[in-house]
Amino acid sequence: PKILESRINNLESGMFAAGSGQRDSATYRSHSLAHQSPTWAVRLLLGCLAVFLLLTPAASRQLTAIRVSEGEDLQAAINSARPGSTLLLAPGAHFSGNFVLPTRADAQSFITIRTDGAGLPAEGARTAPAHSGRLAVIQSPNGSPALRTATGAHHWRLENLEFRANRDGRGDIIALGDGSQRTREEAPHTLVLDRLYIVGDPEFGQKRAIALNSGATEIRNCYIAGIR
């Protein structure tokens with residue numbers, strides 16, 4: 001009987017030890033899953049969100065916004081912009097000068113210049129004279145272009161802007177490249193002019209709205225009038 005009682009006690013002790021080991025192991029595995037699964041789920045969700053933002057043109061253009069008010073140095077803002085940036089010009093602001101779009105040799109995404117604010121034509125809609133007054137205005141104070149490209153400039157996008165006539169309607173309002181280019185590398189390219197309102201002088205008209213000496217250039221949904 002003592003031998004049998006001893007064996008029963010040993011068996012019960014072994015079962016209790018095995019049970020304790022299983023419970024400890026189960027508790028450990030549950031604890032591990034509870035801490036690891038949400039972490040991986042959160043990482044996956046954030047990764048998907050980041051990819052979505054990078055692949056969405058409208059969202060990617062908002063990653064770096066540079067706001068420019070009337071009286072501020074527009075050329076300095078243009079020079080400081082990097083690929084993916086958006087220059088937001090104050091609604092109704094007037095910028096007078098002969099501005100230059102510089103070359104960004106490493107540019108693989110657009111730098112956008114557009115009017116800030118709501119109530120302007122959305123992508124795919126044409127602009128109209130009714131929007132004048134809410135658009136930021138860029139105008140030359142002389143007969144040289146209000147806006148021109150530097151040699152080889154590329155990946156620039158202009159949206160929802162107003163360009164008015166040069167003094168006495170002389171020259172070109174916008175010059176994309178010029179006649180001095182001799183190689184493909186010198187020619188500007190990959191340019192988009194979208195929803196621009198370009199109008200000549202009521203009295204003198206305007207010699208030319210846009211001088212096109214560039215490659216891969218899109219002009220869409222613009223309103224151009226008074227060029228004569």
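Contact detail for Ala165 and Asp201: the closest heavy-atom pair is CB-N, 3.2 Å. Nearest heavy atom pair, residue Phe204 against residue Gly169, reads CB-N, 4.2 Å. Taking both residues in full, the closest heavy atoms of Gly84 and Ser109 are given as N-OG, 3.3 Å, listed atom of the first, atom of the second, then distance. For the pair Pro102 and Ala153, the tightest heavy-atom approach, listed with the atom from each and the gap, is O-CB, 3.7 Å.
In this structure, the side chain of Asp116 does not engage the main chain of Ala90 through any donor-acceptor pair within 3.5 Å. Under a 3.5 Å cut-off, the side chain of Ser132 and the backbone N or O of Pro129 do not form any donor-acceptor pair. Of the possible polar contacts, none joining the Trp156 side chain to the His189 backbone as a donor-acceptor pair under 3.5 Å is found. Formation of a donor-acceptor pair under 3.5 Å by the Thr103 side chain with backbone atoms of Thr151 is found in this model. Glu162 places no side-chain N or O within donor-acceptor distance of the main-chain N or O of Ile198, the cut-off being under 3.5 Å. Counting only distance, with no hydrogens or angles, the side chain of Arg228 and the backbone of Ala225 share no donor-acceptor pair below 3.5 Å. A donor-acceptor pair under 3.5 Å is formed between the side chain of Arg104 and the backbone N or O of Ala81. Checked by atom type and distance alone, the side chain of Arg195 never pairs as donor or acceptor with a backbone atom of Ala125 at under 3.5 Å. In this structure, the side chain of Asp168 does not engage the main chain of Arg170 through any donor-acceptor pair within 3.5 Å. Formation of a donor-acceptor pair under 3.5 Å by the Ser140 side chain with backbone atoms of Ser144 is found in this model.
No chain of hydrophobic side-chain contacts below 4.5 Å, direct or via other Ile, Leu, Val, Met, Phe, Trp or Tyr residues, connects Leu147 to Tyr197. Leu120 is not connected to Phe163 by any chain of hydrophobic side-chain contacts under 4.5 Å among Ile, Leu, Val, Met, Phe, Trp and Tyr, and they are in different clusters. If you chain together hydrophobic residues whose side chains sit under 4.5 Å apart, Ile219 and Ile113 fall into the same group. In the hydrophobic clustering of ILVMFWY residues, with side-chain heavy atoms under 4.5 Å counting as a link, Val199 and Leu161 come out apart. Both Leu101 and Leu87 sit in one connected hydrophobic cluster of ILVMFWY residues. Membership requires side-chain heavy atoms under 4.5 Å apart, directly or through other members.
Grouping Ile, Leu, Val, Met, Phe, Trp and Tyr by side-chain contacts under 4.5 Å, direct or through others, leaves Val100 on its own. Listed by chain and number, the hydrophobic cluster partners of Val137 come to none, as no ILVMFWY side chain reaches under 4.5 Å of it.
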Take Thr115 and Arg134 through the side-chain contact (heavy atoms from CB on, under 4.5 Å) test and state the conclusion after the steps.
CA-CA 8 Å; Thr115 300; Arg134 286 181 289 172; over 6 Å; no
Hey, mind stepping through Arg164 and His94 against side-chain contact (heavy atoms from CB on, under 4.5 Å) and telling me if it holds?
CA-CA 10 Å; Arg164 294 180 183 170; His94 189 279; 4.2 Å; yes
Which is it for Asp194 and Arg157 under the salt bridge (Lys or Arg N to Asp or Glu O under 4.0 Å) test, yes or no, and what are the steps along the way?
CA-CA 8 Å; Asp194 189 5; Arg157 185 197 310 268; 5.8 Å; no
Would Thr86 and Ile66 satisfy side-chain contact (heavy atoms from CB on, under 4.5 Å), going step by step from the backbone distance to the final call?
CA-CA 6 Å; Thr86 298; Ile66 303 172; over 6 Å; no
Could you walk me through whether Asn160 and Leu135 satisfy the side-chain contact (heavy atoms from CB on, under 4.5 Å) test, starting with their C-alpha distance in whole Å, then the side-chain angles of each, then the deciding distance to 0.1 Å, before giving a yes or no?
CA-CA 7 Å; Asn160 277 324; Leu135 296 170; 4.0 Å; yes
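Between the OG atom in Ser214 and the NE2 atom in His154 there is a gap of 13.0 Å [rounded to 0.5 Å]. Here the CZ atom belonging to Arg208 is positioned 12.5 Å from the CD1 atom belonging to Ile174, to the nearest 0.5 angstrom. Note that CG of Leu176 and CG of Leu193 are 6.0 Å apart. Values are rounded to the nearest 0.5 Å. Glu70 CD to Phe95 CZ: the interatomic distance, rounded to the nearest 0.5 Å, is 6.5 Å. Atom CD1 of Ile224 and atom CD of Gln206 lie 11.5 Å apart (nearest 0.5 Å). One distance of note links CZ of Arg114 with CG of Leu196; it measures 13.5 Å at 0.5 Å rounding.
One finds no salt bridge joining Arg184 and Glu186 here, because no Lys/Arg side-chain nitrogen approaches an Asp/Glu carboxylate oxygen to under 4.0 Å. Between Asp172 and Lys207 there is no salt bridge, since no side-chain nitrogen of the basic residue lies less than 4.0 Å from a carboxylate oxygen of the acidic one.
Between Ile210 and Cys222, the closest side-chain pair of non-hydrogen atoms is not below 4.5 Å. The shortest distance between side-chain heavy atoms of Leu191 and Thr149 falls below 4.5 Å. A heavy-atom distance below 4.5 Å is found between the side chains of Gln181 and Pro188. The closest side-chain heavy-atom distance from Arg220 to Val192 is below 4.5 Å.
When the shell of 6.0 Å around OH of Tyr223 is examined, it contains 12 or fewer heavy atoms from other residues, nucleotides or ligands.
For the residue pair Ser96 / Gln139, no side-chain donor-acceptor distance below 3.5 Å is found, with atom types taken as modelled. A donor atom on one side chain and an acceptor atom on the other are not found under 3.5 Å apart for Asn142 and Asn166.
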